[in-house]
Amino acid sequence: MKLLYQFDPAKCTGCGACAVACMDQNDIDVEAGQESYRRVYEKSVNGFPQAISTACRHCDNAPCIPACPMGCLYKDPDTGLTRYDNQACIGCKQCLRACPWDAVTFRPTGLNRPKVRMEKCHGCLERIQADLIPACVRACPTGALTWRWVETDAE
């Protein structure tokens with residue numbers, strides 16, 4: 001099984017509730033310059049504005065994984081999520097440069113925040129394992145964000 005997150009731009013109003021829920025769930029300190037793992041922006045489609053909500057796409061062949069010289073990123077075989085263990089992160093930002101979706105962020109960690117380490121959307125796996133809905137999906141008032149388990153080819 002694999003977790004699949006989907007976004008329907010036709011339903012998105014650009015309200016930003018998903019990004020705020022992500023910030024709350026992950027203790028993002030906006031005043032300190034930290035960025036949400038989920039971002040909402042507007043782009044022009046055929047001359048008309050369209051709201052887009054985006055976060056890590058958990059790519060099947062995630063380019064951030066081989067880009068990390070410390071092996072901090074990996075593909076979770078049970079969920080298909082691109083996960084990370086940033087304890088060995090050296091802050092080189094190779095994963096950020098490799099990600100075509102700008103889904104990786106860096107923030108200070110530890111006591112007095114002496115080291116900057118990579119972080120990104122983790123799919124709210126802990127919430128799902130506790131039978132809760134991912135924070136961004138739960139907060140979306142229009143149903144533009146959804147998630148579900150899907151069968152994989154290997155099964």
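Please read all numbers here as calculations on a predicted model, not as lab measurements.
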Participant: By the salt bridge (Lys or Arg N to Asp or Glu O under 4.0 Å) test, which pairs, at least two apart or in different chains, include something from residues 45-63?
Facilitator: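 For residues 45-63: K2-D60.
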
Participant: In terms of hydrophobic clusters joined by side-chain contacts under 4.5 Å, are V45 and W101 together?
Facilitator: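 No.
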
Participant: Please examine the side chains of L3 and W149, heavy atoms only from C-beta on, and report whether any two atoms are closer than 4.5 Å.
Facilitator: yes

Participant: Taking the side chain as every heavy atom from C-beta outward, state whether Q25 and C124 have any pair of such atoms under 4.5 Å apart.
Facilitator: yes

Participant: Please list, chain by chain and in numerical order, all residues satisfying side chain to side chain contact (heavy atoms under 4.5 Å, CB included) with E31, sequence neighbours excluded.
Facilitator: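 Checked E31 against side chain to side chain contact (heavy atoms under 4.5 Å, CB included); matches are D29.
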
Participant: With heavy-atom distances below 4.5 Å as the criterion, would you say the side chains of M23 and R38 are in contact?
Facilitator: no

Participant: Taking only residues two or more places apart in sequence or in another chain, which ones pass side chain to side chain donor-acceptor pair (under 3.5 Å) with E126?
Facilitator: R83

Participant: Can you give each donor-acceptor pair under 3.5 Å made by side-chain atoms of residues 89-100, sequence neighbours left out, with the distance rounded to 0.1 Å?
Facilitator:
residue	atom	partner	partner atom	Å
R97	NH2	C92	O	2.8

Participant: Using a 3.5 Å distance criterion without hydrogens, assess whether the side chain of R107 forms a donor-acceptor pair with backbone atoms of Q34.
Facilitator: no

Participant: Any salt bridge (Lys or Arg N to Asp or Glu O under 4.0 Å) involving residues 129-141? Give me the pairs, sequence neighbours left out, ordered by first then second residue.
Facilitator: none

Participant: Applying a strict under-4.5 Å side-chain criterion to I, L, V, M, F, W and Y, I'd like to know whether W147 and L145 cluster together.
Facilitator: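 Yes, W147 connects to L145 through the hydrophobic network.
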
Participant: When you group the ILVMFWY residues by side-chain heavy-atom contacts below 4.5 Å and let the links chain together, are Y5 and L132 in the same group?
Facilitator: no

Participant: Find out if a path of hydrophobic residues (ILVMFWY) with successive side-chain heavy-atom gaps under 4.5 Å connects F106 to I65.
Facilitator: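 Both belong to a single hydrophobic cluster.
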
Participant: Quick one: which residue pairs count as a salt bridge (Lys or Arg N to Asp or Glu O under 4.0 Å) with a foot in residues 5-22, not counting sequence neighbours?
Facilitator: none

Participant: Drop me the distance from M118's CE to D85's CG, to the nearest 0.5 angstrom.
Facilitator: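 Reported to 0.5 Å precision, the distance equals 10.5 Å.
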
Participant: Rounded to the nearest 0.5 Å, what separates atom OH in Y37 from atom OG1 in T54?
Facilitator: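 It comes to 15.5 Å.
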
Participant: Side chain to side chain contact (heavy atoms under 4.5 Å, CB included) with P9: which residues, sequence neighbours excluded?
Facilitator: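 For P9 the side chain to side chain contact (heavy atoms under 4.5 Å, CB included) partners, ignoring immediate neighbours, are F7, Q50, I52.
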
Participant: Considering all heavy atoms of both residues, which atom of T105 and which atom of E35 are nearest to each other, and what is their separation?
Facilitator: OG1-CB, 4.0 Å

Participant: Does the side chain of Y84 come under 3.5 Å of the side chain of E119 through a donor N or O and an acceptor N or O?
Facilitator: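 On atom types as modelled, these side chains do not qualify, holding no pair under 3.5 Å.
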
Participant: Tell me, please, which residues at least two apart from E42 pass side chain to side chain contact (heavy atoms under 4.5 Å, CB included).
Facilitator: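 Partners of E42 under the side chain to side chain contact (heavy atoms under 4.5 Å, CB included) test: P49.
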
Participant: Identify, with sequence neighbours excluded, every residue that meets side chain to side chain contact (heavy atoms under 4.5 Å, CB included) alongside V40.
Facilitator: C18, A19, S53

Participant: Taking all atoms of both residues into account, what is the closest heavy-atom pair of A21 and A139, and its distance?
Facilitator: CB-CB, 3.5 Å

Participant: Are the side chain of D24 and the backbone N or O of V20 linked by a donor-acceptor pair below 3.5 Å?
Facilitator: no

Participant: Report yes if some heavy atom in the side chain of C140 is under 4.5 Å from a heavy atom in the side chain of T142; otherwise report no.
Facilitator: yes

Participant: Please find the pair of heavy atoms, one from A135 and one from R127, that lie closest to each other, and give the distance.
Facilitator: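 Answer, listing the atom of A135 first, then R127: N-NE, 3.5 Å.
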
Participant: Counting only pairs under 3.5 Å, give me each side-chain donor-acceptor contact of residues 67-82, with atom names and distances, residues two or more places apart or in other chains.
Facilitator:
residue	atom	partner	partner atom	Å
K75	NZ	H58	O	3.2
K75	NZ	C59	O	2.4
K75	NZ	G80	O	3.1
K75	NZ	T82	OG1	2.8
D76	OD1	D78	N	2.8
D76	OD1	T79	N	3.4
D76	OD2	T79	OG1	3.4
T79	OG1	L81	N	3.1

